[in-house]
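In what follows, a single structure is set out as structure tokens and then discussed.
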Amino acid sequence: MSLLNDLVNLNLCDVTEKVVAEYIWIGGSGMDMRSKASTLPGPESYPSRLPKWNYDGSSTEQATGDNSEVIICPQAIFRDPFRRGRNMLVMCDAYAPTGDPIPTNKRFNADKIFSHPDVIAEEPWYGIEQEYTLFQKDTKWPLGWPAGGFPAPQWPYYCGVGSDKAFGRDIVDAHYKACLFAGIDISGINGEVMPGQCRKTWIQWEFQVGPVTGISSGDQVWMARYILERITEIAGAVLSFDPKPVLGDWNGAGAHTNYSTKSMRNDGGINVINETIEKLSKWHKEHIAAYGKGNERRLTGLHETADINTFSWGVANRGASVRVGRDTEKEGKGYFEDRRPSSNMDPYVVTSMIAETTILWKP
């Protein structure tokens with residue numbers, strides 16, 4: 001085993017200029033991630049200079065067998081925390097041979113929105129709080145739960161420490177450092193809980209990416225998800241982004257999206273924030289439809305959520321659709337938090353939709 005580890009960790013820099021580029025794309029479910037590696041002549045900083053590639057879309061439910069080729073185009077480059085050295089992780093989006101984006105390519109339309117002059121001028125910032133749940137591989141039971149049983153009440157788990165409170169911290173810390181190595185703007189991690197009146201809970205983890213501008217937010221969240229999938233693969237755990245991975249009277253998992261524009265961050269921005277929230281209220285149903293599958297199981301009006309059918313907002317109110325922070329209220333400028341997106345949302349869809357509604361839509 002030690003020899004295998006030695007070979008896995010070989011440093012190629014001393015013997016060759018060549019590098020390994022791991023091409024990564026989103027699969028047919030819209031949540032599964034796929035990847036394959038290619039040897040390139042040397043490192044590259046610009047995605048447009050990397051070669052396009054292809055894959056068998058009939059094996060990912062993205063094409064038929066008689067016309068299976070799907071083209072992947074490099075869009076963002078990150079350092080590879082697994083192979084290290086000068087090797088790269090490459091975030092790609094996918095196209096038919098005709099050049100048209102395939103249906104699961106949500107980046108294409110998002111990039112059009114973020115490339116609009118009005119959106120560029122507003123410099124939209126996003127900070128996404130990605131919650132997730134870890135399961136035991138063999139039992140499919142939440143990590144930290146006794147086999148077939150339930151853990152203690154919730155109170156020790158939120159931001160908790162100790163072997164009986166923080167299950168999977170090695171995975172979480174490995175992911176944190178790997179994201180920093182990769183060049184992702186990960187801004188923090190913390191343990192969450194899924195509490196309920198029945199006083200049964202399991203620990204849930206969260207990482208935050210941001211503030212990041214525009215389309216890069218989606219690129220970075222997807223890459224952070226990929227890195228987490230790879231780490232749980234190594235650790236022998238199962239990762240879930242399901243908004244309610246175990247049904248019951250407890251919290252679900254979300255992807256709260258913090259948002260601001262230049263106008264909101266400037267003096268007097270609170271007036272823009274109020275106008276922006278009013279715009280969001282007019283398109284509530286459309287946003288909910290795009291904010292993740294199974295979100296109706298999470299947005300019940302209980303457990304720090306607003307009811308899925310009703311838009312609401314408030315200062316420091318975690319039971320609202322949109323929360324404005326106390327600091328923003330006090331300073332008269334800043335950001336707000338859209339609490340509606342579920343943990344399995346597509347960050348390309350959510351970020352671009354918020355920008356489209358709040359910047360491009362004119363009442």
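Predicted model, so just to flag it, every value in this text is computed and none were measured. Quick note: residue numbers are just sequence positions, from 1.
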Quiz item: So which pairs with a foot in residues 3-50 pass ring pair (Phe, Tyr, Trp, His ring centres under 6.0 Å), sequence neighbours left out?
Solution: Y23-W53, W25-Y55

Quiz item: Just checking, any donor-acceptor pair under 3.5 angstrom between side chains of S35 and E22?
Solution: yes

Quiz item: With no hydrogens and no angle check, do the side chains of T261 and Y335 hold a donor and an acceptor under 3.5 Å apart?
Solution: no

Practice problem: Find the distance between CH2 (W222) and CD (Q75) and round it off to the nearest 0.5 Å. | Solution: 15.0 Å

Practice problem: Walk me through it: do I308 and T300 pass the test side-chain contact (heavy atoms from CB on, under 4.5 Å)? | Solution: CA-CA 6 Å; I308 194 169; T300 61; over 6 Å; no

Quiz prompt | Which residues share a side chain to side chain contact (heavy atoms under 4.5 Å, CB included) with K18, sequence neighbours left out | solution = T16, T39

Exercise. Answer yes or no: is there a side-chain heavy-atom contact under 4.5 Å between V324 and I277?
Key: yes

Quiz item: Is there a side-chain contact (heavy atoms from CB on, under 4.5 Å) between F336 and T328 once you walk through the steps?
Solution: CA-CA 8 Å; F336 62 78; T328 295; over 6 Å; no

Quiz item: Would you call E337 and R339 a salt bridge, using N to O less than 4.0 angstrom?
Solution: yes

Quiz item: If only atom types and distance count, is the side chain of Q130 paired as donor or acceptor with the main-chain N or O of S343 below 3.5 Å?
Solution: yes

Quiz prompt | Salt bridge present between E122 and K262 (N-O < 4.0 angstrom) | solution = no

Practice problem: Considering non-hydrogen atoms only, spot the tightest contact between N105 and A94 and give its length. | Solution: ND2-O, 3.0 Å

Quiz prompt | Under the side chain to side chain contact (heavy atoms under 4.5 Å, CB included) test, residues paired with E69 that sit two or more places apart | solution = N54, I71

Self-check item: Close side-chain approach of L89 to P81, heavy-atom, < 4.5 Å
Solution: yes

Quiz item: Just checking, any donor-acceptor pair under 3.5 angstrom between side chains of D56 and S59?
Solution: yes

Quiz item: Between the side chains of Q208 and E206, does any donor sit under 3.5 Å from an acceptor?
Solution: yes

Practice problem: Could you tell me whether the side chains of W205 and N190 share a donor-acceptor contact shorter than 3.5 Å? | Solution: no

Exercise. Specify the closest pair of heavy atoms between I26 and Q62, including all atoms of both residues, with the distance to one decimal.
Key: O-NE2, 3.0 Å

Practice problem: List for me each residue that meets salt bridge (charged side-chain N to carboxylate O under 4.0 Å, His left out) alongside E275, sequence neighbours excluded, and say none if there are none. | Solution: none

Quiz item: Minimum heavy-atom separation for R86 to C13, with atom names?
Solution: NE-SG, 3.8 Å

Quiz item: Taking atom CD1 of I128 and atom OG of S217, what is their separation to the nearest 0.5 Å?
Solution: 3.5 Å

Quiz item: When rounded to the nearest 0.5 angstrom, what is the spacing between CZ in R340 and OH in Y291?
Solution: 4.5 Å

Practice problem: For residues 304-319, pull every pair meeting side-chain hydrogen bond (donor to acceptor under 3.5 Å, both in side chains), keeping only residues two or more places apart or in separate chains. | Solution: none

Self-check item: Set of residues satisfying side chain to side chain contact (heavy atoms under 4.5 Å, CB included) with respect to D111, sequence neighbours excluded
Solution: R107, S115, I215

Exercise. Go through the steps for E129 and V209 under the test side-chain contact (heavy atoms from CB on, under 4.5 Å), then give the verdict.
Key: CA-CA 7 Å; E129 306 170 27; V209 173; over 6 Å; no

Quiz item: Checking D32 side chain against S29 main chain: does a donor-acceptor pair fall under 3.5 Å?
Solution: yes

Exercise. Nearest 0.5 Å please: distance from the CD atom of E296 over to the OG atom of S342.
Key: 9.5 Å

Self-check item: Check: K279 side chain, T358 main-chain N or O, donor-acceptor pair, under 3.5 Å
Solution: yes

Practice problem: Could you please spell out the steps behind the side-chain contact (heavy atoms from CB on, under 4.5 Å) verdict for N266 and K333? | Solution: CA-CA 6 Å; N266 289 341; K333 59 183 178 181; 5.9 Å; no

Quiz item: Do you know the tightest heavy-atom contact between A355 and Y259?
Solution: CA-OH, 4.0 Å

Quiz item: With distance as the sole criterion, is a donor-acceptor pair present between the side chains of Y348 and D93 under 3.5 Å?
Solution: no

Practice problem: Find out whether P124 and V119 are in side-chain contact, i.e. whether some heavy atom of one side chain is under 4.5 Å from a heavy atom of the other. | Solution: yes

Quiz item: Taking atom types as modelled, is there a side-chain donor on R79 or N87 under 3.5 Å from an acceptor on the other?
Solution: no

Quiz item: Restricting to pairs with a member in residues 173-189, which pass side-chain hydrogen bond (donor to acceptor under 3.5 Å, both in side chains), not counting sequence neighbours?
Solution: D185-Q220

Quiz item: Just by distance, do the side chain of N344 and the backbone of K293 share a donor-acceptor pair under 3.5 Å?
Solution: yes

Quiz item: Partners of H256 by ring pair (Phe, Tyr, Trp, His ring centres under 6.0 Å), sequence neighbours excluded?
Solution: none

Self-check item: Distance (rounded to the nearest 0.5 Å) between S352 OG and H116 NE2
Solution: 13.5 Å

Quiz prompt | Whether over 12 other heavy atoms sit under 6.0 Å from E286 CD | solution = yes

Quiz item: What are the two closest heavy atoms between G28 and T104, and how far apart are they?
Solution: O-CG2, 3.7 Å

Quiz item: Does a side chain donor of either R265 or S260 reach within less than 3.5 Å of an acceptor in the other side chain?
Solution: yes

Self-check item: S2 side chain to N5 side chain, donor-acceptor N/O pair below 3.5 angstrom
Solution: no

Exercise. Tell me who clusters with W283, hydrophobic residues only, linked when side chains sit under 4.5 Å apart either directly or through other members.
Key: W361

Practice problem: Sort and list the pairs that fulfil ring pair (Phe, Tyr, Trp, His ring centres under 6.0 Å) and have at least one residue in residues 81-109, not counting sequence neighbours. | Solution: none

Self-check item: Counterpart residues, side chain to side chain contact (heavy atoms under 4.5 Å, CB included), relative to V272 (two or more places apart)
Solution: S263, M264, T276

Practice problem: Nearest 0.5 Å please: distance from the CD1 atom of I288 over to the CG atom of L299. | Solution: 5.5 Å

Quiz item: Pick one: which of T357, T351, V350 meets side-chain contact (heavy atoms from CB on, under 4.5 Å) with I354?
Solution: V350

Quiz item: How close do E278 and S281 get, heavy atom to heavy atom, and via which atoms?
Solution: O-OG, 2.5 Å

Quiz item: Does some side-chain heavy atom of W125 sit less than 4.5 Å from a side-chain heavy atom of T213?
Solution: yes

Exercise. Could you tell me whether D80 and R83 have a side-chain N and a carboxylate O separated by less than 4.0 Å?
Key: yes

Show me the side-chain donor-acceptor pairs of residues 227-241 shorter than 3.5 Å, one per line, residues at least two apart or across chains.
from : atom 1 : to   : atom 2 : distance (Å)
R230 : NH1    : Y226 : OH     : 2.8
T232 : OG1    : L228 : O      : 3.1
T232 : OG1    : E229 : O      : 2.9
S240 : OG     : D242 : N      : 3.1

Self-check item: Donor-acceptor pair, side chain of K285 and main chain of K282, under 3.5 angstrom
Solution: no

Practice problem: Determine whether P51 and L40 make a side-chain contact, defined as any pair of heavy atoms from C-beta on separated by less than 4.5 Å. | Solution: yes

Quiz item: Any side-chain heavy atom of F207 sitting closer than 4.5 Å to one from C179?
Solution: no

